[in-house]
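Taking it in order: structure first as structure tokens, then the write-up.
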2 protein chains.
Amino acid sequence: MDSSPPDLLGEFAADRLLLGRSSTVRRVTDLLRDRIAAGALRSGTRLSEEALGGALGVSRNTLREAFRVLAHERLVVHEMNRGVFVRSLGPEDVADIYLTRRALETAGVRSATGSGRLAAVNEAVAAGESAARDGDWAAVADADLGFHRAIGALTGSERIDAYLAGLLAELRLAFAVMDDPRALHEPFLRRNRRIADLLTTDRTDRAEAELVRYLDDARELIVARMRQDAG
Amino acid sequence: MDSSPPDLLGEFAADRLLLGRSSTVRRVTDLLRDRIAAGALRSGTRLSEEALGGALGVSRNTLREAFRVLAHERLVVHEMNRGVFVRSLGPEDVADIYLTRRALETAGVRSATGSGRLAAVNEAVAAGESAARDGDWAAVADADLGFHRAIGALTGSERIDAYLAGLLAELRLAFAVMDDPRALHEPFLRRNRRIADLLTTDRTDRAEAELVRYLDDARELIVARMRQDAG
DNA sequence: TCTTGTGGAATTGTTCAACAACCTTCTAGC
DNA sequence: GCTAGAAGGTTGTTGAACAATTCCACAAGA
């Protein structure tokens with residue numbers, strides 16, 4: 001042991017977290033989260049303990065532990081004695097999510113200078129533009145969310161990053177309402193680029209103003225579509 | 001039914017949510033959360049499934065569901081095949097929490113004007129001052145956290161309020177390190193009052209500056225004490 | 001002395017079966 | 001058409017069981 005370079009030991013210690021075999025609950029939670037984000041499980045769908053447990057080959061108890069996590073992430077709602085359902089967002093939810101995004105993302109923009117994390121922001125913009133050229137609108141959506149997550153990560157806070165990631169996952173529930181992902185994400189590609197450029201050139205105040213306008217416009221787009229569907 | 005005033009029906013409908021009999025998991029989760037916040041369960045304490053389940057009179061499966069929730073709230077850590085432990089915060093955690101508080105609370109300050117929610121802020125300040133006069137430093141701590149939660153609630157976002165509440169609960173884990181609650185909270189009573197006054201008179205920019213200084217100072221106080229304990 | 005096996009005790013991870021409580025639906029009766 | 005009540009299915013919770021894993025102590029070897 002003493003002959004090993006200390007660096008090597010450090011690497012192993014870091015690997016240990018990745019190495020750890022994941023529990024069944026963890027795998028089930030991840031799987032359900034992915035299916036919900038991908039829209040395979042629509043809003044309002046009832047997740048029967050018996051049916052889903054049978055399909056996944058896990059016990060009811062294990063499934064219930066996974067449900068508790070997903071409910072805390074607001075991806076499903078747990079109604080007492082009635083079961084759990086894939087969450088469905090209303091206009092108030094979307095408005096609330098955008099209020100929260102505004103708080104977190106503007107915080108990121110304001111601490112952009114000297115954060116040394118702008119590379120990820122520019123990479124996300126490039127990924128979105130590349131996906132748009134390929135016509136892969138699902139990838140554009142991913143890149144768009146990745147961009148905003150990178151904006152939040154400018155704060156350097158692990159909690160802000162994690163919470164924003166969850167918030168954006170929740171927002172995907174609303175995306176399912178938009179039948180045309182291109183109409184939802186394409187117009188914002190250019191605005192992402194502009195915000196990234198403003199940040200790269202240290203014009204943070206203007207970047208913040210652009211970001212706030214972006215968020216207001218995106219919210220209005222979704223809320224309008226929701227009211228249209230409802231009426 | 002038709003003879004009842006509609007207001008009354010609305011009240012009952014609202015009560016129904018509160019009335020709803022809570023599940024065992026919910027009660028266990030609340031109880032453990034309270035005990036952790038109160039410091040009755042110290043950081044690092046191992047929560048044995050069998051022992052705790054026996055003491056509370058609930059089954060291991062029920063307890064495990066509660067653990068999933070608490071782990072998601074970052075109040076306990078779940079180590080695979082080892083068990084769950086009351087979380088212990090390091091200086092990095094405290095720094096991260098204060099970064100997040102800064103993002104959320106400054107957002108609240110910036111949307112204070114015309115929010116119509118300043119009453120709760122002033123009430124929290126008054127509650128803190130009253131508790132200080134009584135020498136009830138635990139109540140001062142509650143009021144302090146209530147003040148900052150009210151600041152976040154100025155955004156009008158339910159999610160920001162809920163997340164900030166969780167964040168402050170997590171921070172109580174660090175308060176346990178401070179043996180003297182008076183030293184931790186008393187100096188900040190005056191600063192809370194000052195921030196509230198600035199907000200009430202619409203001097204939001206100065207309020208924000210004061211708040212940021214407050215948060216930086218509080219973080220330093222806790223981090224310094226932690227390093228002192230560690231070294 | 002320090003490290004390396006080894007065995008056993010204790011704990012967690014997961015499943016299964018059971019039952020009470022509850023919700024939903026259908027039916028009978030008015 | 002409406003209400004009460006019975007029937008069936010689902011969730012809430014428990015207790016037991018077993019495999020997998022960790023922890024601890026102790027012995028064996030360098």
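So that the names make sense, note that chain A is the first sequence line, chain B the second, and so on, each numbered from 1.
- Distance, B:Phe67 CZ to C:dT14 P: 15 Å, rounded to whole Å.
- Under the 4.0 Å criterion applied to side-chain N and carboxylate O atoms, B:Asp142 and B:Arg172 are assigned as salt-bridge partners.
- When each of B:Val84 and A:Leu63 is assigned the nucleotide of DNA chain C with its nearest heavy atom, B:Val84 is the one assigned upstream, toward the 5' end.
- Regarding contacts with the backbone of D:dT11, every side-chain N or O of A:His78 stays at 4.0 angstrom or more from both OP1 and OP2.
- B:Ile97 CD1 to A:Ile160 CD1: the interatomic distance, rounded to the nearest 0.5 Å, is 12.0 Å.
- Ionic pairing of B:Arg64 and A:Glu65 is present here: one or more N-O contacts between side-chain nitrogen and carboxylate oxygen are shorter than 4.0 angstrom.
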When you compare the protein's N or O atoms with those of nucleotides 17-21 of chain C, which come within less than 3.5 Å of each other, and at what distance?
{"from": "C:dA18", "atom 1": "N6", "to": "A:Arg60", "atom 2": "NH1", "distance (Å)": "3.4"}

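- Within 6.0 Å of CZ on B:Arg102 lie no more than 12 heavy atoms contributed by other residues, nucleotides or ligands.
- Between the P atom of C:dC23 and the CZ atom of A:Phe85 lies a distance of 12 Å, rounded to the nearest Å.
- Under a cut-off of 6.0 angstrom, the local environment of CZ in B:Arg74 is crowded, with over 12 non-hydrogen atoms contributed by other residues, nucleotides or ligands.
- Note that the OG1 atom of A:Thr100 and the CG atom of A:Leu171 stand 11.0 Å from one another [nearest 0.5 Å].
- Within 6.0 Å of CZ in B:Arg27 there are more than 12 heavy atoms belonging to other residues, nucleotides or ligands.
- Taking 4.0 angstrom as the limit, B:Thr24 places a side-chain polar atom (N or O) nearer than this to OP1 or OP2 of D:dT13.
- Classified by interplanar angle (parallel below 30°, tilted 30° to 60°, perpendicular above 60°), the ring pair A:Phe188/A:Tyr214 is tilted.
- Near-neighbour residues of DNA chain C inside residues 46-56 of chain A, defined by a heavy atom below 4.0 Å, are absent.
- Mapping A:Arg82 and A:Glu65 onto DNA chain C by nearest heavy atom places A:Glu65 at the nucleotide closer to the 5' end.
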Listed pairs, N/O of protein and of nucleotides 7-9 of chain C, under 3.5 Å:
none

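- No more than 12 heavy atoms of other residues, nucleotides or ligands shown are found within 6.0 angstrom of CD on A:Glu50.
- Look at CD on B:Glu79: it is 11 Å from P on D:dT22, rounded to the nearest Å.
- Aromatic rings of B:His78 and B:Phe85 (six-membered ring for Trp) have centroids beyond the 6.0 Å cut-off, not under it.
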